[in-house]
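Report on the following structure.
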Amino acid sequence: MASKPVPDIKCQANGENTPGGGSGSGRSGRYQSESESDGGPTAKSLARLCSRDEEERTAALEELSQEVLVGLGLARLSKQTLLHLLRLSTSCPLQEVRERATELLRTAQEHGVEVPRALASGPSAFIPAKEMLKEGPNQDVLIESFLSLGRVDHVTMVMALHPAYLSCFLRTQHALLELDGPLPRHWRHYIALMAAARHHCSYLVQQHSTGFLEAGGEESWLSGLEHAPTKLHSLQTLNKLLAHRPWLITQQHIQELVCPGADPRWSLAELIHAVVLMAHAHSLSSFVWGCGLNPEPDHIGGYTFQPPSPSHLPRSPHSPAHEDGRQELVDGAMEVEVLMKRMVELQQQQEEECTQEEMVTRFERERSESIPTAVVRGAPPDLVLCLVEEPEFRYEDFAPRGEQAPPTMRAQDYSWEDHGFSLVNRLLPDMGQLLDEKFQVVSNLTYHRMAMHEGVDTHTLRKALWNYIHCLYGIRYDDYDYGSVNVLLERSLKVYVKTMACHPEQTTARVYHAFWRHFRHSEKVHANLIVMEARLQAALLYTLRAITHYMR
């Protein structure tokens with residue numbers, strides 16, 4: 001199920017999904033027209049770089065080289081051409097393309113052209129680049145992604161640590177943004193960037209700004225929500241609730257958007273498409289922040305035209321940096337042994353039954369535990385802030401002291417398997433199937449290893465992570481003993497998981513490095529994927545339940 005190839009998506013020049021374009025409002029369409037008239041790369045030569053025919057790629061490289069050299073001769077090489085070469089030189093998985101782009105940038109510099117350089121040495125501020133850019137199965141999926149999509153972004157590079165999952169993710173995202181559906185393509189990108197802005201995720205805002213413009217969107221919409229159509233603006237309440245407190249979504253919210261008297265009125269098919277887009281962008285924002293993704297080399301913040309200063313090394317926005325100490329390694333190894341022992345003991349105790357009352361008590365104890373999240377960041381950049389209404393509206397714990405907690409959602413009363421899947425598939429054909437496959441793959445993903453141990457059954461640990469996220473979102477499974485969560489998830493892991501799931505913009509390198517100190521980075525990314533998908537499913541369940549109640 002998870003090994004299908006990435007869809008063969010027609011490559012469009014200058015990157016159908018090119019983030020940012022280095023412009024702040026994603027004006028890649030403008031740069032593209034400049035580059036095609038200034039002796040820079042044409043759409044045709046760039047598209048041919050994605051050919052599956054090696055000879056055609058070689059010819060395209062020669063054509064690209066000639067066009068860049070002509071541009072140099074005319075002294076009319078555009079900024080976008082240079083950024084495109086920078087991106088190819090840093091992230092193209094095809095060695096010959098990467099080396100030629102590097103060579104062309106060097107030639108341009110020798111001709112006196114100020115060339116950009118990437119500010120980061122890899123996709124993540126938390127994970128060493130060598131962990132992701134090595135040869136092997138991961139490289140194959142990156143090459144397939146480049147040939148299909150025309151670029152390999154940082155999300156893809158990090159997810160490629162788990163190729164089976166990445167394949168599902170790319171299929172789902174492609175269907176959401178590109179395939180036939182009730183919403184026009186530029187609206188889809190705008191809804192996604194509205195959602196990403198709730199978590200101050202400028203990475204995704206820049207990415208979808210470019211997709212929005214390339215799909216024919218009006219540039220003025222990117223300067224503020226007030227410039228977008230009223231119908232899109234009417235999603236704001238649902239957007240903020242989905243992002244921060246989905247348990248507050250009721251059938252009344254649905255009715256205000258879809259009932260015959262609503263102005264403007266959403267159809268149920270349009271609304272479900274918008275809801276899945278928003279939930280997808282919210283959870284992907286968690287992944288972007290949780291893995292410390294650096295801006296793309298052609299994003300704002302991802303490149304500079306200034307030469308490097310020997311006395312100043314650029315610090316990541318995800319600082320503080322982490323330094324491993326010998327004592328930390330010893331402590332980390334001990335933590336692994338303790339966790340292994342607890343997992344074995346839990347598996348042995350599973351035959352012991354406890355009362356339903358005790359199960360509920362353990363859930364409530366877990367749900368109400370005080371887990372502080374990380375430091376609050378400064379204000380987001382203007383390109384994000386102008387797309388957010390009520391920025392002060394954030395996640396709040398279920399039961400602040402002295403207040404009545406909202407009712408728990410029992411998974412037995414409304415679940416993805418029994419209710420949500422069929423509703424999504426009915427209103428947005430095939431999307432339920434794509435989401436279900438993604439949930440299944442991430443839940444069952446295992447390499448039967450943990451840190452330095454091989455042949456490990458990690459099922460109990462993966463289930464504890466998934467159910468802890470749903471617990472944070474107020475969803476309880478009657479047949480699950482929440483005492484397992486406290487046994488398996490140590491406090492530093494809970495701090496990371498809660499921060500990433502509820503306040504992702506507050507995730508820092510210190511929080512990332514504090515948990516599972518002896519584990520591989522790929523294992524931490526695996527945990528990140530579980531959190532992302534569990535969060536996505538939880539948010540969808542509350543909205544789908546409200547839609548179901550409206551439809552009755």
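Keep in mind the model is a prediction, meaning the values are calculated, not measured.
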- request: Decide yes or no on side chain to side chain contact (heavy atoms under 4.5 Å, CB included) for Met159 and Met532, but give the supporting numbers first.
  value: CA-CA 12 Å; Met159 284 186 183; Met532 177 174 77; 3.8 Å; yes
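- Between Ser234 and Trp266, the side chains place a donor N or O and an acceptor N or O closer than 3.5 Å (distance only, hydrogens not considered).
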- prompt: Given the rule in the side chain to side chain contact (heavy atoms under 4.5 Å, CB included) test, do His521 and Phe126 qualify, once you have shown the distances and angles that lead to the verdict?
  reply: CA-CA 9 Å; His521 286 288; Phe126 300 168; 5.8 Å; no
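- Using modelled atom types, one finds no donor on one side chain facing an acceptor on the other under 3.5 Å when comparing His513 with Tyr496.
- The shortest distance between side-chain heavy atoms of Cys201 and Val384 does not fall below 4.5 Å.
- Using modelled atom types, one side-chain atom of Ser286 and one backbone atom of Met500 make a donor-acceptor pair closer than 3.5 Å.
- Between the side chains of His280 and Gln173, at least one donor-acceptor pair of N or O atoms lies under 3.5 Å.
- Listed for the Ser422 side chain is a donor-acceptor partner under 3.5 Å among the backbone atoms of His419.
- For Arg188, there are no salt bridge (Lys or Arg N to Asp or Glu O under 4.0 Å) partners two or more places apart in sequence or in a different chain.
- Looking only at distances, no side-chain donor or acceptor of Thr458 sits under 3.5 Å from a matching main-chain atom of Leu461.
- Classification of Glu505 and Arg198 as a salt-bridged pair fails, no side-chain N sitting under 4.0 Å from a carboxylate O.
- For the pair Glu296 and Gln206, the minimum side-chain heavy-atom distance is 4.5 Å or more.
- Of the N and O atoms on the side chains of His282 and Asn239, at least one donor lies less than 3.5 Å from an acceptor on the other residue.
- Side chains of Ile475 and Trp247 form no contact here, defined as non-hydrogen atoms less than 4.5 Å apart.
- The backbone N or O of Leu434 sits nowhere less than 3.5 Å from a side-chain atom of Arg171 that would complete a donor-acceptor pair.
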- prompt: Passes side chain to side chain contact (heavy atoms under 4.5 Å, CB included), Leu193 versus Leu204? Steps please.
  reply: CA-CA 7 Å; Leu193 67 88; Leu204 290 178; over 6 Å; no
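- With hydrogens and angles disregarded, a donor-acceptor distance shorter than 3.5 Å links the side chain of His253 to the backbone of Thr250.
- No donor-acceptor contact under 3.5 angstrom links the side chains of Ser443 and Arg462, judged on distance only.
- Put simply, the side chain of Asn294 gets close to the backbone of Gly122: a donor and an acceptor are under 3.5 Å apart.
- Judged by the 6.0 Å distance and 45° axis criteria, Lys494 is positioned over the aromatic ring of Tyr468.
- Relative to the six-membered ring of Phe515, Lys524 meets both conditions, a distance below 6.0 Å and an angle of at most 45° to the axis.
- Using a 4.5 Å heavy-atom threshold, the side chains of Phe393 and Arg245 count as touching.
- When atom types are taken as modelled, the side chain of His199 and the backbone of His503 share no donor-acceptor pair closer than 3.5 angstrom.
- Of the inter-residue distances, the one linking Cys168 atom SG with Phe439 atom CZ reads 11.5 Å to the nearest 0.5 angstrom.
- Trp416 has its ring centre no less than 6.0 Å from the ring centre of Tyr542.
- A heavy-atom distance below 4.5 Å is found between the side chains of Leu277 and Leu177.
- With salt bridges taken as basic N to acidic carboxylate O contacts below 4.0 Å, one links Lys240 and Glu390.
- Interatomic distance, His299 NE2 to Thr210 OG1, rounded to the nearest 0.5 Å: 6.5 Å.
- Panel note: side chain Asp436, backbone Gly432; no donor-acceptor pair is recorded below 3.5 Å.
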- prompt: Should Leu271 and Leu235 be marked as a side chain to side chain contact (heavy atoms under 4.5 Å, CB included) after you check the CA-CA gap, both sets of side-chain angles, and the distance that decides it?
  reply: CA-CA 9 Å; Leu271 184 61; Leu235 287 176; 4.1 Å; yes
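- Between Trp516 and Ala527, the closest heavy-atom pair is CZ3-CB, 3.8 Å.
- When every heavy atom of Ala464 is checked against every heavy atom of Tyr480, the shortest pair comes out as CA-OH, 3.3 Å.
- Residue Ser484 holds its OG atom at 9.5 Å from CG of Leu489, rounded to the nearest 0.5 Å.
- Taking CG from Leu142 and OG from Ser91, the interatomic distance works out to 9.5 Å, rounded to the nearest 0.5 Å.
- Contact annotation: the side chain of Tyr477 never approaches that of Arg410 to less than 4.5 Å [non-hydrogen atoms, C-beta and beyond].
- Annotation: Asp430, atom CG; neighbour count of heavy atoms from other residues, nucleotides and ligands within 6.0 Å does not exceed 12.
- Rounded to the nearest 0.5 Å, atoms CG (Leu529) and CG (Leu161) are 9.0 Å apart.
- A donor-acceptor pair is defined here as one N or O able to donate and one able to accept, closer than 3.5 Å; such a pair exists between the side chain of Ser209 and the backbone of Val205.
- Residues Asp481 and Gly483 approach most closely at OD1-N, 2.9 Å, considering heavy atoms.
- Ile530 places a side-chain heavy atom less than 4.5 Å from the side chain of His526.
- Taking the centre of each ring, His154 and Phe287 stay at or above the 6.0 Å mark.
- A cation-pi contact, defined as under 6.0 Å to the ring centre and within 45° of the axis, is absent between Arg520 and Tyr447.
- The OG1 atom of Thr543 lies 6.0 Å from the CG atom of Leu238; values are rounded to the nearest 0.5 Å.
- Pro123 approaches Met157 most closely through the heavy-atom pair CG-SD, 3.2 Å.
- Tyr165 and Glu533 share a side-chain donor-acceptor pair at under 3.5 Å.
- Scanning all heavy atoms of the two residues, the minimum distance from Ser285 to Ala196 falls at OG-CA, 3.7 Å.
- Taking both residues in full, the closest heavy atoms of Ala192 and Ala281 are given as O-CB, 3.5 Å, listed atom of the first, atom of the second, then distance.
- Aromatic ring centres of His244 and Tyr395 lie farther apart than the 6.0 Å criterion allows.
- Classification of the His470-Trp466 ring pair by plane angle, with boundaries at 30° and 60°, yields tilted.
- In this structure, Ser167 contributes its side chain and Pro163 its backbone to no donor-acceptor pair below 3.5 Å.
- Between Leu176 and His273, some side-chain heavy-atom pair lies under the 4.5 Å cut-off.
- Using a cutoff of 4.0 Å between basic side-chain nitrogens and carboxylate oxygens, Asp153 and Arg151 are not scored as salt-bridged.
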